[in-house]
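Worksheet: the structure to be examined is printed underneath.
Quick caveat: nothing in here was measured; it's all calculated off a predicted structure. Just so you know, these numbers use all the heavy atoms, side chains as well, and skip hydrogens, waters and symmetry mates.
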Amino acid sequence: SSMKRLHFKKRAIPEGFTLIEVVVALAIFAGASVGLTLAFTSIITAREHGVKQDLIDADLRAVRLQLLLEPDLESAQDGERMETLSSGEANWSALIEPTEIVDLFRVEFFVEFSDPPENTSEEYRETLYLLRPTWSKKEERDTLFAEKRKALQSERDFR
């Protein structure tokens, strides 16, 4: 009895990728590339904006310091011109009003830059509250102290 050997015909296994597999891989790669490119450009733009903002913030701190160094009210209101590191020349002034609290002043602070960084405003404005006894006038200070003394006395008498 002889055994017959069965020979199976081998099918040819295709080597390589089909066209559909290649197209799907290219689509995935293109989508990932677009996403990474958008993320990269967003990061670069945000970094540039942050650098510009840091420059303008440093210039504003320097100009604010000039306001704080002014010994008298009139000089502080008149302001002055000064050269900044990155925004050209700064022309600043202030509108200063006393408040109901002794030696506390409400300050409207204005700055105009001659050459601010790209896409930033030339004009800047903020409201500050400064405790500056050197800006107080003796008469105003005495009047406020007298009013506060009367208010405290009235409150004590009321109790």
Side-chain angles (χ1 to χ4, degrees), residues 20-159:
I20 292 175
E21 291 171 331
V22 170
V23 169
V24 168
L26 283 174
I28 291 170
F29 178 74
S33 297
V34 168
L36 289 173
T37 303
L38 289 175
F40 181 72
T41 55
S42 295
I43 289 169
I44 296 297
T45 304
R47 185 178 182 281
E48 285 177 10
H49 178 71
V51 168
K52 287 177 189 173
Q53 194 60 46
D54 288 347
L55 292 173
I56 197 83
D57 287 346
D59 290 341
L60 283 170
R61 279 193 303 273
V63 175
R64 245 185 248 117
L65 181 60
Q66 291 302 310
L67 167 69
L68 295 173
L69 291 174
E70 291 298 330
D72 61 275
L73 186 73
E74 290 75 25
S75 299
Q77 285 187 326
D78 292 342
E80 63 181 58
R81 290 183 180 274
M82 65 176 280
E83 194 65 33
T84 63
L85 293 176
S86 59
S87 303
E89 193 173 80
N91 184 20
W92 66 270
S93 63
L95 177 62
I96 302 171
E97 300 170 343
T99 63
E100 295 295 315
I101 300 170
V102 178
D103 294 336
L104 184 68
F105 293 85
R106 183 177 185 274
V107 180
E108 288 290 326
F109 186 54
F110 307 96
V111 182
E112 187 174 335
F113 294 107
S114 65
D115 187 25
E118 199 174 308
N119 296 328
T120 57
S121 177
E122 290 180 0
E123 295 179 5
Y124 177 80
R125 176 184 181 164
E126 70 181 343
T127 301
L128 305 168
Y129 286 90
L130 300 177
L131 189 61
R132 290 300 305 261
T134 60
W135 289 353
S136 294
K137 293 181 179 160
K138 183 168 177 16
E139 311 83 49
E140 290 175 358
R141 182 185 285 174
D142 291 344
T143 303
L144 283 172
F145 276 135
E147 288 174 6
K148 297 299 178 191
R149 216 175 284 121
K150 284 180 190 175
L152 284 172
Q153 190 63 42
S154 299
E155 190 176 317
R156 285 183 191 151
D157 292 344
F158 181 72
R159 288 183 186 177

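The number of heavy-atom neighbours closer than 6.0 Å to CG of Leu69, taken from other residues, nucleotides and ligands shown, is above 12. Around CD1 of Ile44, the count of heavy atoms belonging to other residues, nucleotides or ligands within 6.0 Å exceeds 12. Heavy-atom contacts from other residues, nucleotides or ligands closer than 6.0 Å to CD of Glu100 number 12 or fewer.
Separating the CD atom in Glu80 from the CD atom in Gln66 is a distance of 5.0 Å, to the nearest 0.5 Å. Note that CD of Glu70 and CG of Leu130 are 12.5 Å apart. Values are rounded to the nearest 0.5 Å. Note that the CD atom of Glu112 and the OG atom of Ser121 stand 9.0 Å from one another [nearest 0.5 Å]. Put simply, CD1 on Ile101 and CZ on Arg106 are 13.0 Å apart, with the number rounded to the nearest 0.5 Å. A distance of 10.5 Å separates OG in Ser93 from CD in Glu108, rounded to the nearest 0.5 Å. With rounding to the nearest 0.5 angstrom, the CZ atom of Arg132 is 12.0 Å from the CG atom of Leu104.
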Step-by-step side chain to side chain contact (heavy atoms under 4.5 Å, CB included) determination, Val111 to Asp59 | CA-CA 10 Å; Val111 182; Asp59 290 341; over 6 Å; no
Side chain to side chain contact (heavy atoms under 4.5 Å, CB included) between Arg61 and Asp57, intermediate numbers included = CA-CA 6 Å; Arg61 279 193 303 273; Asp57 287 346; 3.8 Å; yes
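Looking at Ile56 and Ser87, their side chains come closer than 4.5 Å, going by heavy atoms from C-beta outward. Within the 4.5 Å cutoff, the side chain of Leu60 has heavy atoms near those of the Phe113 side chain.
Considering every non-hydrogen atom in both Phe109 and Leu67, the closest pair reads CD1-CD2, 3.7 Å.
Applying the side-chain hydrogen bond (donor to acceptor under 3.5 Å, both in side chains) test to Gln153 and every residue at least two apart in sequence or in another chain returns Asp157.
With Glu123 contributing its side chain and Phe110 its backbone, the two residues share no donor-acceptor pair below 3.5 Å.
Under the side chain to side chain contact (heavy atoms under 4.5 Å, CB included) rule, Val34 has a single partner from Leu36, Leu38, Thr37, which is Leu38.
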